[in-house]
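A short worksheet on the structure shown next.
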Amino acid sequence: MITFRWFGPRDPIPLAYIRQIPAVRGIVGAIFDIPVGEPWPLDRIAPLREEVERHGMSLAVIESIPIHEDIKLGRPTRDRLIDNYCESVRNVGRAGVPVLCYNFMPVFDWTRTDLARRLDDGSTALAYDDGALAKIDLSRGTADLPGWATAYTAMELRKLLDAYRSVNENKLWDNFAYFLERVVPVAASSGVRMALHPDDPPWSIFGLPRIITDGAALERVTNIVDDPANGITFCAGSLAAEAKNDLPAIIRCLGAKGRIHFAHCRNIKRTGARSFEETAHPSELGDIDMRVVLGALHDTGFAGPIRSDHGRMIWGETGQPGYGLHDRALGAMYLHGLWEGIAGG
């Protein structure tokens, strides 16, 4: 199923427009005004699903319910917060949403250093450069970075970064395992497939540990709790930022086990060591052979939701960087055409 990210009533792109993209039948949605760590109530998730269904589509994925930093840090408050997370997962299942995409990145979610890199064709796209990241002044909090579920003041960010000084990769793995061992059984009994998103970009930033960076890490996650509900979001763009990652091999490994529950398919072009820019979706425009990626997904029996993920801003469109209508719609149709050709009808 080809899906499309929608940011709810605040999104300048209405569901009525998304419905007009011929290939799109599913929506990837979330609720954005619930404080991190608080449970998502059923009476907030169900109306979201109903609104999507009124427009002839299904709410295929919740992306995402943020994980509180106290869980990642392993603080004493984590048990209460994990209980809250489990209640959110139960309510996702009660609302009839089959997939929950989430991540375990400390402090910062996906990170870019340029939200409007001008490409040769005149469009603008998201981009990242490690050198530019080093110049970002964190004394202002998260003001100079993309907005996610949580924004931090300078003091809040300083305290959080200080707390992570005692958390190395091994400790972060331990804390993640503690989370999975409690949440996955709840997801399994609720009919929800957990789909872990890789770290984006897949390396340490600001000195913080990042552990979900390659195929071995993703496989390790699925082995921590060996249950079909414990799977991943295969994000081509995130993983391809590191040239060593063999995307088809990752798909074959995890897809054969039935552990790929969601796929983000976007293209990137590596512009240097730990530097890349996002491109239009076709293979010839970036470093990802999208036909090979979709072919591997198809060959391993993937039947879950796919979304065109980020897009460029084209044709004079303005809006949330990476999430305009036009290029993502083109990407959705490109992916649909590839899949139709690979599947043979």
Side-chain angles (χ1 to χ4, degrees), residues 1-7 18 23-31 45 48-49 52 57-67 88-89 92-93 95-105 109-110 180 183-184 187-188 190-200 202 212 215 217-219 221-222 225 227-240 245 247-248 250-267 281 288 290 293-311 322-323 328 331-332 335-336 338-339:
M1 176 194 293
I2 303 295
T3 63
F4 207 83
R5 188 77 156 99
W6 184 60
F7 291 92
I18 297 172
V24 173
R25 292 294 177 267
I27 288 294
V28 178
I31 302 169
I45 305 170
L48 176 63
R49 185 205 70 210
V52 170
M57 297 174 287
S58 65
L59 183 59
V61 183
I62 289 292
E63 184 183 347
S64 60
I65 301 176
I67 297 174
S88 297
V89 172
V92 168
V97 183
V99 176
L100 171 57
C101 175
Y102 71 106
N103 71 73
F104 209 75
M105 291 180 256
D109 203 308
W110 64 271
L180 288 173
V183 173
V184 171
S190 301
V192 175
R193 297 191 293 276
M194 301 291 290
L196 174 69
H197 192 287
D199 297 344
D200 184 11
I212 313 301
L218 291 166
E219 185 176 13
V221 168
T222 63
V225 180
D227 188 288
N230 181 27
I232 72 156
T233 295
F234 176 82
C235 182
S238 298
L239 291 166
N245 283 329
L247 303 192
I250 293 171
I251 294 170
R252 285 192 293 270
C253 173
L254 293 165
K257 299 178 180 179
R259 296 302 184 88
I260 299 178
H261 298 327
F262 186 24
H264 287 184
C265 294
R266 60 178 165 84
N267 212 338
H281 289 75
I288 298 173
M290 205 63 69
V293 165
L294 291 190
L297 287 168
H298 177 267
D299 291 347
T300 54
F302 178 76
I306 298 173
R307 78 173 175 92
S308 49
D309 206 9
H310 303 161
Y323 289 99
R328 285 192 296 153
L335 296 174
H336 174 68
L338 278 180
W339 189 268

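Only a predicted model underlies this, so the values are computations on that prediction, with no experimental measurement involved.
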Heavy-atom closest contact ([X] atom, [Y] atom, distance):
X: L59; Y: V52; result: N-CG1, 3.7 Å
X: D200; Y: R266; result: OD2-NH2, 3.1 Å
X: I2; Y: L335; result: CD1-CB, 4.3 Å
X: I18; Y: V24; result: CG2-CG1, 3.9 Å
X: Y102; Y: I67; result: CD1-CD1, 3.6 Å
X: P305; Y: V61; result: CG-CG2, 3.6 Å

[X] vs [Y] side-chain heavy atoms within contact, under 4.5 Å:
X: V192; Y: V97; result: no
X: C101; Y: V28; result: no
X: V293; Y: F234; result: yes
X: I306; Y: W339; result: yes
X: L48; Y: I62; result: yes

[Y] backbone acceptor or donor facing [X] side chain under 3.5 Å:
X: N230; Y: V184; value: no
X: H281; Y: D309; value: no
X: N245; Y: A240; value: no
X: R193; Y: H261; value: no
X: R259; Y: T222; value: yes
X: T300; Y: R252; value: no

Show your working on side chain to side chain contact (heavy atoms under 4.5 Å, CB included) between I251 and I260 and close with a plain yes or no. CA-CA 8 Å; I251 294 170; I260 299 178; 4.1 Å; yes
Rounded to the nearest 0.5 Å, what separation is found between the [atom1] atom of [X] and the [atom2] atom of [Y]?
X: D109; Y: S64; atom1: CG; atom2: OG; value: 6.5 Å
X: I65; Y: N103; atom1: CD1; atom2: CG; value: 12.0 Å
X: I212; Y: T233; atom1: CD1; atom2: OG1; value: 12.0 Å
X: L254; Y: L218; atom1: CG; atom2: CG; value: 6.0 Å

Under the side chain to side chain contact (heavy atoms under 4.5 Å, CB included) test, which residues partner R328, sequence neighbours left out? F4, R5, I13, S308, Y323
Ring pair (Phe, Tyr, Trp, His ring centres under 6.0 Å) filter on H336, not counting sequence neighbours, yields none
Restricting to ring pair (Phe, Tyr, Trp, His ring centres under 6.0 Å), what partner residues turn up for H264, sequence neighbours left out? H197, F262
